[in-house]
Amino acid sequence: MKIKKLLIGLVATVLVISFTGCGDKIINDNGEKVSVYGQFVEIKSNNYREESGDAVVQRFMYDKDTKIVYVYTEHVYSVSMTPYYALDENGKPEIAIYGENYNG
């Protein structure tokens, strides 16, 4: 019974996040229409299926204030968001900053 309630809760959470994920649209620096999710501006979006057949949505977005690039990944039962790292001129990873070391 606990597993059934947990699954119902997870499905409800994913649905809520999916519906709230429909952000406003703006025109970015390249003249493209992109989504805005509160503080975050979408750079690009990838949709694909895992080997198991589950759909995955992956969005690269940056914070309006700090310009730090994040990767938002939405799986069937989970959502994650993490800073994106780019390699500097010495090959060492550093947090990607939109317009500086990351241009999409």
Side-chain angles (χ1 to χ4, degrees):
M1 195 59 136
K2 285 184 178 182
I3 293 175
K4 186 176 180 181
K5 287 182 181 180
L6 179 64
L7 285 175
I8 290 171
L10 287 173
V11 169
T13 302
V14 168
L15 288 174
V16 167
I17 290 171
S18 296
F19 289 123
T20 59
C22 301
D24 296 328
K25 300 282 187 181
I26 65 164
I27 305 298
N28 67 8
D29 299 337
N30 299 328
E32 303 164 331
K33 188 181 279 190
V34 296
S35 296
V36 176
Y37 304 94
Q39 188 68 16
F40 299 98
V41 177
E42 182 179 311
I43 301 168
K44 67 179 177 179
S45 180
N46 301 318
N47 298 315
Y48 60 92
R49 291 201 175 273
E50 294 180 328
E51 289 182 17
S52 64
D54 293 337
V56 177
V57 176
Q58 184 180 56
R59 290 186 175 90
F60 288 79
M61 51 183 69
Y62 69 90
D63 184 299
K64 289 180 188 177
D65 293 334
T66 63
K67 303 290 186 197
I68 293 176
V69 177
Y70 293 91
V71 180
Y72 168 87
T73 307
E74 185 176 319
H75 293 271
V76 176
Y77 298 110
S78 67
V79 173
S80 65
M81 190 165 182
T82 185
Y84 184 75
Y85 285 80
L87 298 178
D88 66 9
E89 61 275 352
N90 297 322
K92 294 184 179 178
E94 62 183 8
I95 292 179
I97 308 294
Y98 186 72
E100 292 181 21
N101 61 355
Y102 183 89
N103 293 317

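Quick caveat: nothing in here was measured; it's all calculated off a predicted structure. FYI, the numbering just counts along the sequence from 1.
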| request: Identify the two heavy atoms, one from K25 and one from S35, that lie closest to each other, and give their separation to 0.1 Å. | output: NZ-OG, 3.1 Å
| message | According to salt bridge (Lys or Arg N to Asp or Glu O under 4.0 Å), does anything in residues 34-43 pair up with another residue at least two apart or in another chain? List the pairs. | response | E42-R59
| said: Please enumerate all residues that pass side-chain hydrogen bond (donor to acceptor under 3.5 Å, both in side chains) together with S52, with sequence neighbours excluded. | reply: D54
| How does the hydrophobic cluster around Y48 look, that is, which other residues are in it when side-chain heavy atoms under 4.5 Å mark a link? | V56
| Spacing of N101 atom CG and E89 atom CD [to the nearest 0.5 Å] | 9.5 Å
| task | Compare every heavy atom of V57 with every heavy atom of S45, then report the nearest pair and how far apart it is. | result | OG-CG1, 4.3 Å
| field | Whether D88 side chain and N90 backbone form a donor-acceptor pair below 3.5 Å | value | yes
| field | Cluster check Y85, M81: I/L/V/M/F/W/Y, side chain < 4.5 angstrom | value | yes
| Set of residues satisfying side-chain hydrogen bond (donor to acceptor under 3.5 Å, both in side chains) with respect to Q39, sequence neighbours excluded | D63, D65
| query | side chain to side chain contact (heavy atoms under 4.5 Å, CB included) with I68: which residues, sequence neighbours excluded? | reply | T66, Y70, I95, I97
| request: Show your working on side chain to side chain contact (heavy atoms under 4.5 Å, CB included) between V36 and K64 and close with a plain yes or no. | output: CA-CA 10 Å; V36 176; K64 289 180 188 177; 3.7 Å; yes
| said: Classify the ring geometry of Y102 against F60: parallel below 30°, tilted from 30° to 60°, perpendicular beyond 60°. | reply: parallel
| message | So, using side-chain hydrogen bond (donor to acceptor under 3.5 Å, both in side chains) as the criterion, who are the partners of E50 when residues are at least two apart? | response | H75
